[in-house]
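Taking it in order: structure first as structure tokens, then the write-up.
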Amino acid sequence: MYTVTEEKKTIENKNCLVYGIRYDDEYYVKDVSADKAKVKHLTEMYNRYGLSPTHLYEAVENFLNEI
């Protein structure tokens, strides 16, 4: 099951939270977006449609190319 991860990060001397996506302990992509709602929506879609974890990086890349 895909879940949202949260990480503190400093960007241009400003602290912020960034969100990533994890599948078990084997697959994860850090710092997908600072917009938690967007990352949560992605994880919900990946879980609903059964995205294979081997395609996680490609799916996130496609998302990033669209924004």
Next on the checklist: Using a 6.0 Å cut-off, check whether atom OH of Tyr28 has over 12 heavy atoms from anything other than its own residue.
Outcome noted: no
First locate atom [atom1] of [X], then atom [atom2] of [Y], and finally report the distance between them rounded to the nearest 0.5 Å.
X	Y	atom1	atom2	result
Ser33	Leu42	OG	CG	8.5 Å
Ile21	Phe63	CD1	CZ	8.0 Å
Tyr23	Thr43	OH	OG1	13.0 Å
Met1	Asp24	CE	CG	10.5 Å
Thr3	Lys40	OG1	NZ	12.5 Å
Leu17	Lys9	CG	NZ	12.0 Å

pair [X]-[Y]: side-chain heavy atoms closer than 4.5 Å:
X	Y	result
Thr54	Tyr27	yes
Tyr19	Glu7	no
Leu56	Val29	yes

Checklist entry - Shared ILVMFWY cluster between Val4 and Val32, side chains joined below 4.5 angstrom? => result yes
Next on the checklist: List the residues meeting ring pair (Phe, Tyr, Trp, His ring centres under 6.0 Å) with Tyr46, not counting sequence neighbours, and say none if there are none.
Outcome noted: Tyr2
Item to check | Heavy-atom donor-acceptor pair, Thr5 side chain to Gly20 backbone, under 3.5 Å | outcome: yes
Checklist entry - Would a distance-only check, ignoring hydrogens and angles, find a side-chain to backbone donor-acceptor pair under 3.5 Å from Asp35 to Ala37? => result yes
